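Reviewing the structure listed below.
In what follows, chains are A, B, ... by sequence order, proteins preceding strands, each numbered from 1. Quick caveat: nothing in here was measured; it's all calculated off a predicted structure.
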There are 2 protein chains.
Amino acid sequence: MDDALAFSALVLALSGQLVQEIHARVSQQGFEDLRPAHGFAFARISLGGATTADLAEHLGVTKQAAAQLVEELVRKGYVVRHPHPHDARARLLGLTEAGWAATRAADQAARAAVVPWREALGEARFSELVADLTRLTPPGPIRPVW
Amino acid sequence: MDDALAFSALVLALSGQLVQEIHARVSQQGFEDLRPAHGFAFARISLGGATTADLAEHLGVTKQAAAQLVEELVRKGYVVRHPHPHDARARLLGLTEAGWAATRAADQAARAAVVPWREALGEARFSELVADLTRLTPPGPIRPVW
DNA sequence: TCTTCATGGACAAGTTGCTTGTCCATATGG
DNA sequence: CCATATGGACAAGCAACTTGTCCATGAAGA
C-alpha cells in the first residue's frame, strides 16, 4: 500500500546510481574532464543535425547554458562547430574523434551498468520493463529537476 | 539489444518526471516555498531522531549544505531544533505542524504520480517491480549526481 | 583522571552551473 | 519591404552547493 512512496524514492535512487556508475566508468576510461550531462549532449549531437538551440531543448536548459556547455566541449576537443548549410546564423554541431570515443565509452558504460538488471529480471521481463518505460514515460528533457 | 542505453535514459527521464510532478502537486497545495530536495529531508526527519549530520548523509551532501537546508526550513517554519537528550553538541530535528502537513502533501503527491504505473502494470507486476527495485538498488544517498 | 582523537555544529569564503537581460545578424512570412 | 521570430554571443547575477577553519562536547585508551 505504501509502495507509492517507495517506488518514487527507489526510482530516484536508481537513476542516481546509474548516472554515477556510468560516469565512473567513463571517467575510468580516461575521460576525466567530462560530467554526466555531457554524455546526454553527445547522445544528441551524435544523431547529427543538432544546433546549440536543439541541444538546449534536449537537455532542458536555456540556450545560454547549452552554449556554455558546447563551448566547453569545443575547448576540450570533443565537439566542432560547422557552418550550417542553409542558415548563416546557425552552427551545426559535430563530434571529433575524441567525441566519438567518449560516446562509445558512455554506451559501453551504460550497458555494463544495466547488466545486473538484465540478469535479475531475465531478458523477457527486462524487455517488457523497457517497453513499459517507453510507453509510460512522456518524452521530455533529460534533466534532473532538483 | 540496444535496450541498455534506452533503459538508463528512460529511468533518468522517469525520475525527473516523478520529481517534477510531485513537486508541482506539492506546490499547488500551497507549499510554494519548498524545493524537491526538501521533501526528502522531511521524509528523514519524520522518522525521528535525525540530526543535521544524519540528514547530510541521507541526502548525500556535506553537513554544511544540510545545515543550510535545515536553517532555511527552520526559518520558514517547517522544522524545529530540539536539544539532544544525551548529547549536548547535537540538536534533534523535528517537524512543526506545517512540516507534517507538507510531508503528508508530498506523500499524497507521490501516490498520485505513481497511479499511471499501478494501472498500466497491474498490482501484481507493480509489486514485483518495487520488489526488484528494492533488491537491486543499493541503499545510498537520495541525490541526483549530475 | 588525563590525554587524545572523533564528532556535531557554526561561520566564512569560494566555486560552479545555471539563470535573466540585452544585443546583433539572419531568416521567414505577410 | 517590413515586422516579427530565431540562432547565437556577451555580460552580469544568483543559488546551491563546496572547501577550509574553528569550537564545544563526547568517547576511548593509558
Side-chain angles (χ1 to χ4, degrees), chain A residues 16 19-20 23 32-42 44-45 48-76 78-94 141-146, chain B residues 12 16 19-20 23 27 32-42 44-45 48-76 78-94 141-146:
Chain A
V19 168
Q20 200 162 13
H23 180 242
E32 298 170 17
D33 54 353
L34 292 179
R35 292 180 297 112
H38 295 146
F40 296 97
F42 287 151
R44 175 64 188 88
I45 297 172
T51 65
T52 298
D54 293 333
L55 202 55
E57 190 182 355
H58 181 248
L59 296 177
V61 297
T62 59
K63 58 184 186 177
Q64 289 86 337
Q68 288 175 19
L69 193 148
V70 166
E71 172 58 31
E72 182 188 351
L73 291 178
V74 168
R75 184 167 41 80
K76 290 178 176 171
Y78 292 106
V79 168
V80 284
R81 282 185 276 241
H82 301 295
H84 194 290
H86 305 315
D87 189 336
R89 296 169 306 174
R91 326 270 318 244
L92 274 185
L93 302 177
I142 304 285
R143 197 205 177 189
V145 184
W146 195 243
Chain B
L12 251 296
V19 168
Q20 200 161 13
H23 180 241
S27 281
E32 298 170 15
D33 54 354
L34 292 178
R35 293 180 297 112
H38 295 147
F40 295 99
F42 287 151
R44 175 63 189 87
I45 296 173
T51 65
T52 299
D54 292 334
L55 202 56
E57 189 182 356
H58 181 246
L59 296 176
V61 298
T62 58
K63 58 183 184 175
Q64 288 86 338
Q68 288 176 19
L69 192 148
V70 167
E71 172 57 31
E72 182 188 351
L73 291 178
V74 168
R75 184 166 41 79
K76 290 178 177 171
Y78 293 105
V79 168
V80 285
R81 282 184 276 239
H82 300 295
H84 194 290
H86 304 315
D87 189 336
R89 296 169 306 175
R91 327 271 318 245
L92 273 185
L93 302 178
I142 304 283
R143 197 204 177 189
V145 185
W146 195 242

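Between the CG atom of A/L73 and the C1' atom of C/dG17 there is a distance of 14 Å, rounded to whole Å. Here the P atom of nucleotide D/dC10 and the CD atom of A/E71 are 9 Å apart, to the nearest Å. Counting to the nearest Å, the P atom of D/dG8 and the NE2 atom of A/H82 are 14 Å from each other. Between the CG atom of B/L59 and the P atom of D/dA16 there is a distance of 14 Å, given to the nearest Å. In this structure, A/E57 places its CD atom 13 Å from P of D/dG8, rounding to the nearest Å. In this structure, B/Q64 places its CD atom 9 Å from C1' of C/dG9, rounding to the nearest Å. Taking atom CZ of residue B/R75 and atom P of nucleotide D/dA15, one finds them 11 Å apart after rounding to whole Å. Whole-Å rounding puts the B/K63 NZ to D/dC17 P distance at 17 Å.
Between C/dG9 and B/T51, a contact under 4.0 Å exists linking OP1 or OP2 to a side-chain N or O. Checking the phosphate oxygens (OP1, OP2) of C/dT19, a side-chain nitrogen or oxygen of A/T62 falls inside 4.0 Å. OP1 or OP2 of C/dG17 sits under 4.0 Å from a side-chain N or O of A/R35.
With DNA chain C read from its 5' end, the first of the two nearest nucleotides for A/A66 and A/H86 is the one closest to A/A66. Heavy-atom nearest nucleotides on DNA chain C were determined for B/L92 and for A/R89, and the one closer to the 5' end corresponds to B/L92.
In this structure, NE2 on A/H82 lies 10.0 Å from CZ on A/R91, to the nearest 0.5 angstrom. B/D33 contributes atom CG, which lies 8.5 Å from atom NE2 of B/H38 (distance to the nearest 0.5 angstrom). Remark: B/E57 CD to B/T51 OG1 distance equals 9.5 Å, nearest 0.5 Å. Within the model, atoms CZ of B/R81 and CG of B/L92 stand 12.5 Å from one another, a figure rounded to the nearest 0.5 Å.
B/Y78 is not listed as a side-chain neighbour of B/I45, based on a closest heavy-atom distance of 4.5 Å or more.
Across D/dC17, C/dT26, C/dG8, the shortest atom-to-atom separation from the side chain of B/V61 is found for D/dC17. Of the candidates D/dT18, D/dG26, C/dG9, D/dG26 carries the atom nearest the B/D87 side chain, counting heavy atoms from C-beta on. Distance from the side chain of B/R91 is smallest for C/dA10 among the nucleotides D/dA5, D/dG26, C/dA10. Residue B/A90 has its side chain nearest to C/dG9 when only C/dC18, C/dT26, C/dG9 are considered.
Scanning atom types as modelled, no donor and acceptor separated by under 3.5 angstrom connect the side chain of A/Q68 and the base of C/dT16. Judged by atom type and distance alone, A/E72 does not reach the base of C/dT16 through any side-chain donor-acceptor pair under 3.5 Å.
Among the atoms of the strands shown, base atoms are found under 4.0 Å from some heavy atom of A/A65.
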